A.B. asks: 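This is the structure I want to talk about, given as structure tokens.
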Amino acid sequence: MSQRRNQFPFDEFEPRWQQHWEKNKTFAAPNPGDKNFDVKKPKFYALDMFPYPSGSGLHVGHPEGYTATDIVSRFKRMKGFNVLHPMGWDSFGLPAEQHAIKTGEHPRINTENNVNNFRRQLKSLGFAYDWDREIATTDPEYVKWTQWIFLQLYKSYVCEKTGKARPIAELEKKGLSREEIDSRRLAFVADTPVNWSPDLGTVLANEEVEEWRAKGHTVERRPLRQWMLRITAFADRLIDDLDGLDWPEGIKNLQRNWIGRSEGAEVNFSVGGETVTVFTTRPDTLFGATYMVLAPEHPLVDKITTKTQKKAVKDYQKVCSSKSDLERTGLATEKTGVFTGGNAINPVNGQEIPVWIADYVMMGYGTGAIMAVPAHDERDFEFAEKFKIPVIQVVQAPEGNQDKCFCGNGVAINSGFLDGLSTPVAKQNITEWLEEKKLGKKTINFKLRDWLFSRQRYWGEPFPIVWKDGKHFAIDESELPLLAPELEDYKPTGKPEAILSKATTWVDLGNGTTRETNTMPQWAGSCWYYLRYCDARNSDAFISTEAESYWLSADGKPGGVDLYVGGTEHAVLHLLYARFWHKVLYDLGHVKTVEPFQKLVNQGLILGEDGQKMSKSAGNVVNPDEVVKLYGADSLRLYEMFMGPLEQVKPWSMNGVEGVYRFLARVWRLVFEADQEGEWKKRTHLTENEPDKATNKIVHATIKKVGEDIENLNFNTAISQMMVCCNELSRLEVLPVKSLATLLLVLNPFAPHLSEELYGVLRKAFPKLEQKDLASQSWPEYEPSYLIEDEIEIVIQVNGKVRDRITVNREIPQPELEALAQQSPKVQVFTDGKTICKIIVVPGKLVNIVAN
RNA sequence: GCUCGGGUGGCGGAAUUGGUAGACGCGCAGGACUAAGGAUCCUGUGGGGCAACCUGUGCGGGUUCGAUUCCCGCCUCGAGCACCA
């Protein structure tokens, strides 16, 4: 490749400005109590989802969201806000540990290297972060407070009356037993079936299983003693509080769906002396129940099964237990099941119905048992058809509905005292009836399960817990942080024992006391990092009351972070977990907002140039370092914002980068021109004269448009407007510096290096200009009168089609305009011989003549 | 199957309390400058037609003086969820 000459010396001035900002701490945000804190300034908290510092470095998806928040942050600063715009590292995680397994090197070393590389890359893009607030979830000082928050969960329970988290000490005062108290903690131990991977040496979350299997790891199900967090106690609030948030509707729906609230009733059936409770959302169809199904693992199956069916039932249970949840539920396969031989008595009419077991009923949802109403449930219908079980209609579908199996609302029939009632009324009536007879009750069920919180890894926060005589105890807060000991090797044992159990001297505290050896999942650190940024160096508390009140003040809204930008991949993980922790901290009085993130925006994925997802195997990965080297940081920033709407998925294009690079070069050449030797020399066409009308118009239209577009996160159209402005200024023979300086000022949030560099030159040459960096200046006000034209162009339509355009005075009276329109020869071609029946005038825009 | 979000030139995209479709950029074509241009500048660029004009925002209807925008019915792409009783 031949040598290419840069169109402007970004490689020289970009690093220089980055050092300038770093040295002057230009973007340091003062906290309440700090010397330069101005209490009159409103705050703005712009947050990026902090990255996991992987070994492969930044990819172009990171700067997309980061540039968006950076532009908004710089803009808000200019608008007089005290802006919190921090960055940090989600630095616990499996890859660093796998590196350690291979090399024997402590994961901290690998993590630090990666963090250093990420920091270098981010700094090379000129983001206006307050680097004094940088945090890493692996920092001992950070781990300390993550563990401290865990202890708050451990020491809390949810009051049944208020639904709020309360200190566990209240239960101790009431004299509850140790067992009762432990069973109510927000952080508790339970034996539960989990996904265990022997070669990874840890349990995995359900949603991680597929990913690791695809990479060739084995994952099996087995019951293990695990730490859980009682997120289910917050299910209602996690759904209800979504309403007040400025989040994409799609993400809200994902969370609602994930939490999965459904209202219905529990109904008790009697089966051979035992009571089997089922959950249904359609208690109104109780008269139509023609059989019952238990999950194969249901504890009552053995008691119910008759002798003759014993073998068939056992065989079926065996087949089911070997299937994973995914195999059972993944592809909608044909219904299977086995009759237990037992019969249940329908409480509403005393009829006997057969009890089956089938794997389409899950032990983990509801009560693990259902009443089957084949006439009004598709799954039951399918099952009943296959096994020749009767179908009884109990809901009359509205007129015209021909479905064999009708699942909607209608009118109850064949249902005794419910007959004639509409579905919602019937539901209510039967539920009241069941409650009266103590045969059931109104119930709300959730899909959400408690959060499996322990991992058997090394590279995570150890639990601040010790064990003695089979009981767990919190360690004293003064002992935090509790750090993991050094290990000889990090290889998994292959047994479902946490890897920290290898560190016997660390584990064994004598007197029969041992440490908990599990560690927390990566989510622990990301659950509260947005709080720590507000007061990152506080060693007395995870956040001070003053910092919390100021930075998270919400002005009546639920959430405190003003803008949170990141990908959709965390929709039901991080974003749900963080909301949960925040609510616990709220209940316990540590924060004053109910929600953490008021406004959330998801940036769209950037695809490769080929329209495919970027991946090493596809060979379409774009390296930001490479782009910065060829075109500069400003070009990268500007291109990623110019590609299209922030939320949209869009493909990369190097030609597109070239396009914005040319635009920046044109801005550069408003100030500089190359002489014979190719050296950049300041141009002589700059003037202190007042701009003319047209120049004022475009410049002030740009101020207005760019400001509004930034507020609405429409960066692509803001850039387009600045291009138009630059093009117009390029055409001027004499360029008023005043206009140019304004363009540079509005360009500054987007292309901070180039704009500062050029402004630095201007302000030296023209002492009348503001003698401050652009970053320290105020956002300009636009002058509305400059935007008004005296002469405007009016479109003239005949029957809705454009036939002519005329230029008229802005204040022209309507009758005169109508007359002018009709006089147009081009219009008359289409109106001749026709009757004009109507003239529609849109002021300032068009005239439509209706003729036929 | 359900939920959400899309479908506009050769490409990324702009415009919707209904009012000039295609801003801006890329690409392409022609020209200028030049020893040279893969730099820069100028001009053109949805399709058809020499032209006047005709036509055009996934498809089919509707409302309207006027629809990319609103309504009804489809097709299609992407993302997520998926036997949740």
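A note on names: the letters A, B, ... follow the listed sequences, proteins ahead of strands, and every chain is numbered from 1. The model shown is predicted, which means the values in this text are computed figures rather than measured ones.
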A.B. asks: Can you figure out which of U40(B), A85(B), G25(B) approaches the side chain of M723(A) most closely?
C.D. replies: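 Nearest nucleotide to the side chain: G25(B).
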A.B. asks: Atom CD1 of I719(A) and atom P of G12(B): how far apart are they, to the nearest Å?
C.D. replies: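 About 18 Å, once rounded to whole Å.
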A.B. asks: Can you pull the side chain to side chain donor-acceptor pair (under 3.5 Å) pairs that have at least one residue in residues 830-844 of chain A, sequence neighbours excluded?
C.D. replies: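 As it turns out, there is no side chain to side chain donor-acceptor pair (under 3.5 Å) pair with a partner in residues 830-844 of chain A once direct neighbours are skipped.
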A.B. asks: Taking Watson-Crick and G-U wobble pairs with both distances under 3.5 Å, convert RNA chain B into its dot-bracket string, 5' to 3', dots for unpaired and | for cross-strand pairs.
C.D. replies: (((((((..(((......[....)))((((((.......))))))(((....)))..(((((..]....))))))))))))....
A.B. asks: Can you tabulate the close N/O pairs, meaning under 3.5 Å, that link protein atoms to atoms of nucleotides 45-54 of chain B?
C.D. replies:
unit_1, atom_1, unit_2, atom_2, d
C54(B), OP1, R803(A), NH2, 3.4
C54(B), OP2, R803(A), NH1, 3.0

A.B. asks: Between protein and nucleic acid, restricted to nucleotides 77-81 of chain B and to nitrogen or oxygen atoms under 3.5 Å apart, what atom pairs and distances do you find?
C.D. replies:
unit_1, atom_1, unit_2, atom_2, d
C81(B), O2', N257(A), OD1, 3.3

A.B. asks: Would you please confirm or rule out a distance under 4.0 Å between OP1 or OP2 of G6(B) and any side-chain N or O of Q648(A)?
C.D. replies: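 Q648(A) to G6(B) OP1/OP2: no side-chain N or O under 4.0 Å.
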A.B. asks: Base, sugar-phosphate, or nothing for R256(A), non-hydrogen atoms under 4.0 angstrom?
C.D. replies: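 Contact class for R256(A): none.
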A.B. asks: Determine the Euclidean distance between corresponding P atoms of G7(B) and G31(B); express it in Å to zero decimal places.
C.D. replies: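 So the two P atoms sit 39 Å from each other.
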A.B. asks: Among A23(B), U3(B), A85(B), which nucleotide sits nearest the side chain of N253(A)?
C.D. replies: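 Closest of the options to the side chain of N253(A): U3(B).
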A.B. asks: Within the side chain of N848(A), is there an N or O that forms a donor-acceptor pair under 3.5 Å with the backbone of I839(A)?
C.D. replies: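 No.
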A.B. asks: Measure from CG on N655(A) to C1' on G38(B) and round the result to the nearest Å.
C.D. replies: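 The distance from CG of N655(A) to C1' of G38(B) comes to 12 Å, rounded to the nearest Å.
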A.B. asks: Rounded to the Å, how far apart are N799(A) CG and U64(B) P?
C.D. replies: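 Result: 15 Å.
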A.B. asks: Can you measure Q7(A) atom CD to G37(B) atom C1' for me and round it to whole angstrom units?
C.D. replies: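 Value for this atom pair: 13 Å.
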A.B. asks: So if I apply the ring pair (Phe, Tyr, Trp, His ring centres under 6.0 Å) rule between Y360(A) and each of Y365(A), F383(A), F381(A), which one comes out positive?
C.D. replies: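 Option passing the ring pair (Phe, Tyr, Trp, His ring centres under 6.0 Å) with Y360(A): F383(A).
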A.B. asks: Once you apply a heavy-atom cut-off of 4.0 Å, does P645(A) come out as touching a base, just sugar-phosphate, or nothing?
C.D. replies: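 The residue P645(A) makes sugar-phosphate contact but no base contact.
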A.B. asks: Where the side chain of T443(A) meets the backbone of K441(A), is there a donor-acceptor pair that is under 3.5 Å apart?
C.D. replies: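 Between the backbone of K441(A) and the side chain of T443(A) there is a qualifying donor-acceptor contact (under 3.5 Å).
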A.B. asks: Could you work out, with salt bridge (charged side-chain N to carboxylate O under 4.0 Å, His left out) as the rule, every residue matching K386(A), not counting sequence neighbours?
C.D. replies: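 K386(A) satisfies salt bridge (charged side-chain N to carboxylate O under 4.0 Å, His left out) with E334(A) only.
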A.B. asks: Go through residues 724-735 of chain A and report each residue with a non-hydrogen atom lying under 4.0 Å from RNA chain B, sorted by number.
C.D. replies: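 When residues 724-735 of chain A is checked for heavy atoms under 4.0 Å from RNA chain B, the hits, listed by number, are V724(A), N727(A).
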A.B. asks: Report the nucleotide, chosen from A85(B), U20(B), G12(B), that has the shortest atom-to-atom distance to any side-chain atom of Y365(A).
C.D. replies: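 Side chain of Y365(A) sits closest to A85(B).
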A.B. asks: Give a yes/no answer on whether the side chain of S262(A) brings an N or O atom under 4.0 Å of OP1 or OP2 in A85(B).
C.D. replies: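 The answer is yes; a side-chain N or O of S262(A) sits under 4.0 Å from OP1 or OP2.
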A.B. asks: For Q603(A), give me all partners under side-chain contact (heavy atoms from CB on, under 4.5 Å), at least two apart in sequence or on another chain.
C.D. replies: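 Listed in chain order: E64(A), V565(A), L646(A).
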A.B. asks: Under 4.0 Å between a side-chain N or O of R662(A) and OP1 or OP2 of G27(B)?
C.D. replies: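 The answer is yes; a side-chain N or O of R662(A) sits under 4.0 Å from OP1 or OP2.
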A.B. asks: side-chain contact (heavy atoms from CB on, under 4.5 Å) between N727(A) and R666(A): does it pass, once the steps are laid out?
C.D. replies: CA-CA 8 Å; N727(A) 289 344; R666(A) 271 202 300 283; 3.2 Å; yes
A.B. asks: Can you pull out the residues from residues 833-843 of chain A that lie within a 4.0 Å heavy-atom distance of RNA chain B?
C.D. replies: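 Correct list: K838(A), I840(A), V842(A).
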A.B. asks: Does Y639(A) have its ring centroid less than 6.0 Å away from the ring centroid of Y631(A)?
C.D. replies: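 Here the rings of Y631(A) and Y639(A) have centres that are no less than 6.0 Å from each other.
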A.B. asks: Kindly say if R669(A) contacts the phosphate of C41(B), meaning a side-chain N or O under 4.0 Å from OP1 or OP2.
C.D. replies: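 Yes, R669(A) has a side-chain N/O under 4.0 Å of OP1/OP2 on C41(B).
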A.B. asks: Kindly write out the residues that satisfy side-chain hydrogen bond (donor to acceptor under 3.5 Å, both in side chains) with T702(A), not counting sequence neighbours, or none if the list is empty.
C.D. replies: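 Checked T702(A) against side-chain hydrogen bond (donor to acceptor under 3.5 Å, both in side chains); matches are Q721(A).
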A.B. asks: State which residues pass side-chain contact (heavy atoms from CB on, under 4.5 Å) with E626(A); sequence neighbours excluded, sorted by chain then number.
C.D. replies: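 For E626(A), the residues satisfying side-chain contact (heavy atoms from CB on, under 4.5 Å) (neighbours in sequence not counted) are N623(A).
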A.B. asks: Please enumerate all residues that pass side-chain hydrogen bond (donor to acceptor under 3.5 Å, both in side chains) together with T67(A), with sequence neighbours excluded.
C.D. replies: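 Partners of T67(A) by the side-chain hydrogen bond (donor to acceptor under 3.5 Å, both in side chains) criterion come out as none, since no residue qualifies.
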A.B. asks: Which nucleotide, C83(B), G25(B), G13(B), lies nearest any side-chain atom of Y360(A)?
C.D. replies: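 Minimum distance to the Y360(A) side chain belongs to C83(B).
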A.B. asks: Taking side-chain hydrogen bond (donor to acceptor under 3.5 Å, both in side chains) as the test, write out the residues that go with D450(A), two or more places apart.
C.D. replies: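 Counting only residues at least two positions away or on another chain, D450(A) forms a side-chain hydrogen bond (donor to acceptor under 3.5 Å, both in side chains) with T232(A).
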